[in-house]
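Here the structure is laid out as structure tokens; the discussion comes afterwards.
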Amino acid sequence: MAIIDEAKTWVRVTTNDSAIVDEISMLVDAAILDLTKTADIADVDREDLPPIIKLAVRSYVQAYWTRNVDEQAKYLVIYDGLKAKLATSSAYNIRN
């Protein structure tokens, strides 16, 4: 399953409206960019993400898709925790 299709299920979207799909795609890309540029995670294949990175991307997408502030805070805590683990992991961090 393509990452964009998975991301649509994460945020419970079924439409193929290009504007909505583009926005979700942008969130996926932003999450991956944040991980690779600020946590020094090695570049990853967008369509073949390791499970822990996919979970971080999912948390990021859900955080920025929701309009519920409490939900957003919950997902960002999850994202930040995963990002910290990835940043210190010798398996994923390019500087370790």
Side-chain angles (χ1 to χ4, degrees):
M1 177 184 292
I3 192 68
I4 191 62
D5 294 325
E6 287 185 73
K8 284 171 53 178
T9 64
W10 301 337
V11 295
R12 295 176 173 85
V13 168
T14 58
T15 185
N16 287 318
D17 178 276
S18 63
I20 292 173
V21 172
D22 288 348
E23 187 172 346
I24 295 169
S25 182
M26 193 174 7
L27 288 172
V28 169
D29 290 341
I32 293 170
L33 186 65
D34 185 56
L35 291 170
T36 58
K37 299 303 179 194
T38 66
D40 295 324
I41 306 305
D43 286 332
V44 293
D45 178 357
R46 184 180 196 249
E47 296 302 327
D48 190 28
L49 297 173
I52 192 168
I53 293 176
K54 187 180 283 188
L55 185 56
V57 170
R58 178 181 180 162
S59 300
Y60 185 98
V61 170
Q62 288 176 309
Y64 288 103
W65 188 260
T66 187
R67 291 187 176 157
N68 180 309
V69 176
D70 294 331
E71 289 288 308
Q72 184 180 47
K74 176 182 81 171
Y75 289 126
L76 287 176
V77 166
I78 294 168
Y79 175 75
D80 287 339
L82 290 167
K83 182 177 169 181
K85 286 182 185 299
L86 289 164
T88 59
S89 168
S90 62
Y92 296 102
N93 187 287
I94 59 175
R95 302 213 187 270
N96 286 339

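- For the side chain to side chain contact (heavy atoms under 4.5 Å, CB included) test, residues two or more places apart in sequence or in another chain that qualify with Asp43 are Thr36.
- Side-chain N or O atoms of Thr38 include none that pairs as donor or acceptor with a backbone N or O of Leu35 at under 3.5 Å.
- Note on residues 12-24: pairs passing side-chain hydrogen bond (donor to acceptor under 3.5 Å, both in side chains), not counting sequence neighbours, are Lys8-Asn16.
- Identified under the salt bridge (charged side-chain N to carboxylate O under 4.0 Å, His left out) test for residues 28-39, with sequence neighbours left out: Asp29-Arg46, Asp34-Lys83.
- One finds the CD1 atom of Ile41 at 8.5 Å from the CD1 atom of Ile94 (value rounded to the nearest 0.5 Å).
- Residues Val11 and Leu27 have side chains not in contact (no heavy-atom distance under 4.5 Å, counting atoms from C-beta outward).
- Tyr60 is not listed as a side-chain neighbour of Val28, based on a closest heavy-atom distance of 4.5 Å or more.
- With contacts defined as side-chain heavy-atom distances shorter than 4.5 Å, the pair Val61/Tyr79 does not qualify.
- Contact check for Ile20 versus Ile24: side-chain heavy atoms found under the 4.5 Å cut-off.
- The side chain to side chain contact (heavy atoms under 4.5 Å, CB included) search around Asp80 returns none, not counting sequence neighbours.
- Hydrophobic cluster membership differs between Trp10 and Met26, with clusters built from Ile, Leu, Val, Met, Phe, Trp and Tyr side chains linked at under 4.5 angstrom.
- In this structure, Asn93 and Ala39 approach most closely via the heavy-atom pair ND2-O, 3.0 Å.
- No side-chain donor-acceptor contact under 3.5 Å links Ser25 to the backbone of Val21.
- For Ile52, the side chain to side chain contact (heavy atoms under 4.5 Å, CB included) partners two or more places apart in sequence, or in a different chain, are Leu82, Leu86, Tyr92.
- Annotation for Ala63 and Tyr75: closest pair CB-CB, 3.6 Å, computed over non-hydrogen atoms.
- Residue pairs meeting the salt bridge (charged side-chain N to carboxylate O under 4.0 Å, His left out) criterion with at least one partner in residues 58-71, sequence neighbours excluded, are Glu71-Lys74.
- Follow the hydrophobic side-chain contacts under 4.5 Å out from Val77 and you never reach Val57; the two are in separate clusters.
- Side-chain atoms of Asp40 do not come within 3.5 Å of backbone N or O of Ala87 as any donor-acceptor pair.
- Between Ile53 atom CD1 and Ile32 atom CD1 the span is 8.5 Å, to the nearest 0.5 Å.
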